[in-house]
Amino acid sequence: MISFPAFLLQCWYNWGDMQITQKGLSPIRTTIQTAGAILALSLLLGCSSQKAPISVTATVEAAPSTSPTTTPSVSSAAAGPVKIPAHTEGITSQFPLEGLASSVIIDSVNDAQTIRARTAAGQGELLMISSGPEERGHLNVSSNYGLEGDQTYQADYSIVYRKGNQDQELFRLPAFLFAQPTDRVLDFAKVSFKEADIYLLTPQYKSGHGLAGYAFAIDKRSGEAFPLSFVQDGIVQDTLIYAELEPAPVNDHEQLAVFSPVGAGGEPELEPRVYTLDLVNHQFVARKI
């Protein structure tokens, strides 16, 4: 197939031959016409060769990208960072959700070895100390066990007698939960007897049906420390239950006098219950009435 520039040149020569034949143009004029035709044709071809690359380049730049990997990346960048929802559920307890725990909101978790009660005793001191992480919170509703906003504490606690650098574990309170109106360190209430000093710890300050105390003794002769149990009608218990509103347990003629709690609609006892100290068996034994 003949190219377009060659086609034009051929037409020009044919036209020139016709002019020479028909009009009898002189050789000089023919030469000038031929030279002019060649010059014009050169300019036409030069312009065509310069425009072609520009046209191709423009076509390449305007063509849309067909790569499948570029579109997701651009879309992801335009979307911005992913928003993570705020955690609003609070701290989850490590202990079973039982009893008072259903009314507690945990605010923080303390390290192990947090002291919740402390009193000088004998040649050392008695401590209520956490043996693992302690959950500290507050009551979200008022009840018999405290008012809304009261401080709460729960941990695996140990009652320890510390003498010098030696700790003697006397008693364990696993998963123990109690409430107090403040965060002060509690005291062991001291009741002195002839042969021993008794220390009563009552972590929970109210319940509506009596307080539960734990008793520990320091033998005055040997210096030995040990927990005490309470025996009534053949039943042995680790706690002493006593009234919230009556006077605290006291030594009455070498016997422990305790007022019993009063239930709803009940009448308070006129006389306290009386316990005799048995250091040999590490017990307080209720006297039969």
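For this chain, numbers begin at 1 and follow the sequence in order.
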> How far apart are the C-alpha atoms of S108 and R136, what are their side-chain angles, what is the distance that settles it, and do they pass the side-chain hydrogen bond (donor to acceptor under 3.5 Å, both in side chains) test?
Replying inline: CA-CA 5 Å; S108 62; R136 178 172 176 174; 5.3 Å; no
Would [X] and [Y] show up in the same hydrophobic cluster when neighbours are defined by side-chain heavy atoms closer than 4.5 Å?
X    : Y    : result
M128 : Y153 : yes
L256 : F216 : no
L139 : F178 : no
F176 : L200 : no

>> Can you pull out every ring-ring contact (aromatic ring centres under 6.0 Å, His included) where at least one residue sits in residues 226-248? Sequence neighbours excluded, please.
In response: F226-H282, F230-Y275, F230-F284
Shortest non-hydrogen separation from [X] to [Y] and the atoms involved:
X    : Y    : result
P249 : V258 : CB-CG2, 4.0 Å
P261 : G210 : CB-CA, 3.5 Å
D150 : L147 : OD2-N, 2.8 Å
S207 : N144 : O-CB, 3.0 Å
V104 : L100 : CG2-O, 3.5 Å
A257 : P272 : CB-CG, 4.1 Å

> Can you list the steps and then say if L228 with L277 is a side chain to side chain contact (heavy atoms under 4.5 Å, CB included)?
Replying inline: CA-CA 9 Å; L228 295 169; L277 179 59; 4.2 Å; yes
>> Between Q232 and R273, is there a side-chain heavy-atom distance shorter than 4.5 Å?
In response: yes
> Hey, does D107 have a side-chain heavy atom less than 4.5 Å from the side chain of H138?
Replying inline: yes
> Going by the salt bridge (charged side-chain N to carboxylate O under 4.0 Å, His left out) test, which pairs reach into residues 165-178, not counting sequence neighbours?
Replying inline: R162-D167, E169-R172
> If you round to the nearest 0.5 Å, how far is CG of N140 from OG of S103?
Replying inline: 5.5 Å
>> Just verifying a value: how many Å separate L211 CG and T202 OG1, rounded to the nearest 0.5 Å?
In response: 6.0 Å
Non-neighbouring partners of [X] that pass side chain to side chain contact (heavy atoms under 4.5 Å, CB included), sequence neighbours left out:
X    : value
A121 : L126, Y161, Y199, I218
T276 : Q255
S131 : D156, S158
Q94  : P133, E135

> Taking it one step at a time, do V274 and D252 satisfy side chain to side chain contact (heavy atoms under 4.5 Å, CB included)?
Replying inline: CA-CA 8 Å; V274 178; D252 184 9; 5.8 Å; no
>> Go through it in stages, so that I can follow the logic: the residues are T114 and R116, the test is side chain to side chain contact (heavy atoms under 4.5 Å, CB included), and I'd like the CA-CA distance, side-chain angles, deciding distance and then a yes or no.
In response: CA-CA 6 Å; T114 300; R116 282 292 148 219; 3.7 Å; yes
Who passes salt bridge (Lys or Arg N to Asp or Glu O under 4.0 Å) against [X], sequence neighbours left out?
X    : value
E244 : none
D111 : none
K163 : none
E125 : R118

Any sub-3.5 Å donor-acceptor pair from [X]'s side-chain atoms to [Y]'s backbone N or O?
X    : Y    : answer
D278 : V280 : yes
Q154 : A175 : yes
Q204 : A179 : yes

Donor-acceptor contacts, no H, no angles, side chain residues 185-198, under 3.5 Å, sequence neighbours left out:
residue: S192; atom: OG; partner: D197; partner atom: OD1; Å: 3.0

> Among L201, V160, D238, which residue meets the side-chain contact (heavy atoms from CB on, under 4.5 Å) test with F171?
Replying inline: D238
> After noting the C-alpha distance and the side-chain angles of I241 and T239, does the key distance pass the side chain to side chain contact (heavy atoms under 4.5 Å, CB included) rule?
Replying inline: CA-CA 6 Å; I241 306 300; T239 56; 3.9 Å; yes
>> Would you say that more than 12 heavy atoms from the other residues, nucleotides or ligands in this model lie under 6.0 Å from the CD of Q166, or not?
In response: no
> Are more than 12 heavy atoms from other residues, nucleotides or ligands located less than 6.0 Å from atom CD of Q123?
Replying inline: no
> Which pairs pass side chain to side chain donor-acceptor pair (under 3.5 Å) with one or both residues in residues 209-231, sequence neighbours excluded?
Replying inline: Y145-H209
